[in-house]
Amino acid sequence: MRKIAATMAVFLLVLTSSIPMSTERNNTASYNLMRSEEKLTLSSDERHIDLTWTSRDCPTPTPLEDGSVCEGDHIIISAAIPNITGIPELDIVTTSIRIESGLNFSLTRPLVVPDSDYYAFNGILNVSQFDIVFIENVRSGMYLDLRANFTNNDSDFMAFWADSDPRTWTYMTNVLGIQMVTGLANPETARFLPDREGTLAFLCFSYDLQPGNWTLRAIQPSAEINAESQGNSVTLDTHDIGSNIETSIEVLAYSENGTEFQFTRADVTLTNFFPPEIMSISIEGEDSLKAMTWEVADINELEDHYADVSISGDGGSTFQLLSSYVQGNRFEWNSVSFINRTYIARVRVYDDDPSITGHDQNLRFFPGLTDEIISEPFVAGGIFYSGSPIRMPEIDSPEDVSFYEGFPTHSVGWTPNATGISYYVIRLNDSVYMDGHWEPGNNKIGLPLDALEPGFYRFTISISYVGVSFTEDDTVNVNVLPDPGLMVKHGRQLILLFGLAISMAGVAILLRTEIVVNSQRV
């Protein structure tokens with residue numbers, strides 16, 4: 001009997017110890033607890049978390065899951081981990097949320113072997129001679145570290161914003177400068193600070209004309225934001241990230257006995273920033289004084305708005321900028337110096353969010369979201385003409401220019417064809433470079449080029465009658481090459497100077513020989 005009783009006791013002890021303990025909280029989850037060396041532990045999979053998001057325009061908490069799409073002004077993520085009744089050792093004492101939006105790009109590709117007579121460091125690039133990789137989601141204001149390895153002896157690299165015109169791509173205009181053309185270095189490396197967001201076109205050139213493979217690694221340190229609080233709940237305003245992103249969200253929590261719990265939501269889209277919407281525009285005023293007013297709606301409540309106001313006298317084919325960075329929603333225009341005719345107005349509104357720190361205030365808008373509206377036709381202008389219609393000015397199209405630095409004299413000249421005094425603006429890469437007036441009888445509008453440093457330049461001239469929207473423009477590309485006697489490529493001195501020194505030394509030897517010969521003759 002004692003043996004049987006002892007056996008039953010052991011059996012009951014084993015049976016009892018093998019039954020999992022369980023408890024419930026708000027009927028939402030059950031928890032499997034284990035005792036190990038008198039310490040209670042619990043995995044994240046076995047513990048419940050309330051993870052939701054709200055925003056100013058979506059105040060009802062919405063569950064945050066893998067693949068969630070969150071849209072609204074100031075998206076707030078809230079995490080709460082309910083404590084387990086009766087087990088104080090597992091009470092949560094610290095909770096944090098972390099969001100990381102960094103770029104980590106890696107790709108291996110075969111090299112493109114260029115034509116043997118192609119030189120990539122002079123003039124517009126022939127992109128067919130390069131292998132091109134596109135790096136998306138490059139952020140503004142954070143260093144992008146680039147590293148390129150290759151299996152041949154010498155490859156060089158350049159980068160351009162992918163939305164720029166490839167006809168403007170030259171070695172001198174690539175955003176990396178000379179960083180990734182440093183001789184026989186392998187890997188080639190660069191650090192680039194973008195001043196805008198977008199996609200980079202990254203070009204690989206097999207300088208030694210050999211086949212092989214190359215590997216690109218692009219890393220942009222994460223724009224990590226986080227929030228931490230004492231207790232079992234925490235909130236985070238994702239607006240502080242500063243852009244719309246797709247990312248992962250990590251919640252970390254620590255219990256009283258030091259146990260760590262980690263919860264992750266992957267592929268979450270956070271859209272905090274929206275373009276403004278111009279609802280209407282009206283033109284008021286008699287005679288030449290006009291007042292333009294417009295109404296703007298914006299989901300982002302705390303943002304300021306700036307406007308560019310332009311007018312067109314040719315039905316929208318071209319526009320003349322009247323004013324930039326107009327604050328508010330009203331602009332007054334005295335058109336007394338403009339030709340009396342029918343115009344349309346264009347208002348383009350930009351966002352600016354002063355609550356975001358670190359963005360470039362000189363851009364005057366953030367993060368680049370915009371909307372525009374075109375008005376109904378209206379009559380403005382105080383200059384009246386009678387008789388035959390006025391022929392609008394035209395302008396010729398000179399050839400593109402390429403020359404070496406230090407070899408003057410070079411210039412570009414445009415010849416207008418107009419019946420009256422005209423106003424012209426010459427822009428360099430979209431910024432005003434020079435302007436002035438042209439009168440009938442003057443031959444050309446001259447643009448001197450000798451002061452330009454080596455590089456690629458795009459000059460665009462626009463011409464109009466005074467007070468009239470631009471009616472004709474033309475673009476000339478100018479490529480200024482480094483002085484051939486001083487050129488340096490990849491940090492390797494071209495042999496021009498060395499050859500010149502040898503030649504001069506040879507001349508000196510010849511002169512010395514001639515002197516000796518002459519002396520012998522004497």
Side-chain angles (χ1 to χ4, degrees), residues 105 107-136 138 146 148-188 190 192 198-216 218 397-405 407 410 412 428-430 449 452-460 474-484 487-492 494 496:
F105 178 95
L107 186 66
T108 298
R109 293 168 61 95
L111 290 164
V112 170
V113 178
D115 298 337
S116 59
D117 59 349
Y118 179 69
Y119 186 68
F121 304 93
N122 181 8
I124 306 299
L125 299 184
N126 179 355
V127 294
S128 68
Q129 306 292 311
F130 298 78
D131 188 36
I132 304 179
V133 168
F134 293 95
I135 307 173
E136 300 179 345
V138 175
L146 297 160
N149 299 75
F150 38 90
T151 60
N152 64 331
N153 290 323
D154 191 3
S155 286
D156 296 315
F157 304 91
M158 309 179 201
F160 306 87
W161 288 110
D163 57 4
S164 61
D165 187 349
R167 293 172 297 181
T168 66
W169 292 2
T170 71
Y171 166 57
M172 300 298 295
T173 59
N174 96 89
V175 298
L176 304 180
I178 65 171
Q179 291 186 76
M180 301 192 78
V181 288
T182 52
L184 296 175
N186 189 355
E188 297 279 8
F192 169 56
T199 298
L200 276 183
F202 191 84
L203 281 63
C204 172
F205 181 66
S206 177
Y207 183 71
D208 62 2
L209 310 181
Q210 297 302 309
N213 295 315
W214 69 286
T215 299
L216 171 64
S397 183
E399 296 292 330
D400 293 340
V401 178
S402 181
F403 62 92
Y404 288 103
E405 177 191 21
F407 288 78
H410 296 87
V412 173
L428 170 58
N429 300 333
D430 300 325
L449 305 174
L452 296 177
E453 297 180 352
F456 181 85
Y457 304 87
R458 187 177 73 252
F459 291 100
T460 299
D474 179 66
T475 296
V476 171
N477 296 317
V478 177
N479 190 18
V480 183
L481 306 174
D483 185 335
M487 269 198 300
V488 174
K489 196 270 174 188
H490 308 355
R492 314 179 188 95
L494 290 178
L496 293 176

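Only heavy atoms go into these numbers, but all of them, side chains included; no hydrogens, no water, no symmetry mates.
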**Message:** Would you say that Leu107 contacts Thr215 through its side chain, given a criterion of any heavy-atom pair below 4.5 Å between the two side chains?
**Reply:** no
**Prompt:** Rounded to the nearest 0.5 Å, how far does CG of Asn477 lie from CZ of Arg458?
**Reply:** 7.5 Å
**Request:** Look up atom CG in Asn479 and atom CE in Met172, then write down how far apart they are to the nearest 0.5 Å.
**Result:** 8.5 Å
**Asked** Applying salt bridge (Lys or Arg N to Asp or Glu O under 4.0 Å), which residue pairs with at least one partner in residues 159-187 are found, sequence neighbours left out?
**Response** Asp163-Arg196, Asp165-Arg167
**Asked** Which pair of non-hydrogen atoms, one from Ser128 and one from Val112, has the smallest distance, and what is that distance?
**Response** O-CG1, 3.9 Å
**Item:** From CG (Asn152) to CG (Leu209), nearest 0.5 Å
**Value:** 9.5 Å
**Asked** Applying the side chain to side chain donor-acceptor pair (under 3.5 Å) test to Trp214, which of Thr108, Asp131, Asn149 qualifies?
**Response** Asp131
**Message:** Rounded to the nearest 0.5 Å, what separates atom CD1 in Ile124 from atom OG in Ser402?
**Reply:** 9.0 Å
**Request:** Look at the side chain of Gln129 and the backbone N and O of Asp115, then say whether any donor-acceptor pair between them is shorter than 3.5 Å.
**Result:** yes
**Request:** Starting at CG of Asn174, measure out to CE of Met180 and round the result to the nearest 0.5 Å.
**Result:** 10.0 Å
**Message:** Please check if the number of heavy atoms outside Ile178 that lie under 6.0 Å from its CD1 is greater than 12.
**Reply:** no
**Item:** Distance-only side-chain donor-acceptor flag, Gln210 / Asn153, under 3.5 Å
**Value:** no
**Item:** Verdict with reasoning, Thr151 to Asn213, per side chain to side chain donor-acceptor pair (under 3.5 Å)
**Value:** CA-CA 6 Å; Thr151 60; Asn213 295 315; 5.2 Å; no
**Message:** Using the rule ring-ring contact (aromatic ring centres under 6.0 Å, His included), only one of Phe130, Phe205, Phe121 pairs with Tyr171; which is it?
**Reply:** Phe121
**Prompt:** Using the benzene-type ring in the case of Trp, are the ring centres of Phe202 and Phe134 under 6.0 Å apart?
**Reply:** no
**Request:** Indicate yes or no: at least one non-hydrogen side-chain atom of Pro211 is less than 4.5 angstrom from one of Pro110.
**Result:** no
**Request:** Would you indicate whether the side-chain heavy atoms of Asn126 and Tyr118 approach each other to under 4.5 Å?
**Result:** yes
**Request:** Please state whether the rings of Trp169 and Phe160 are parallel, tilted or perpendicular, taking 30° and 60° as the class boundaries.
**Result:** parallel
**Asked** Do Leu176 and Met158 come within less than 4.5 Å of each other through their side chains, counting heavy atoms only?
**Response** no
**Asked** How long is the gap from CZ on Phe192 to CD1 on Ile135, to the nearest 0.5 Å?
**Response** 10.0 Å
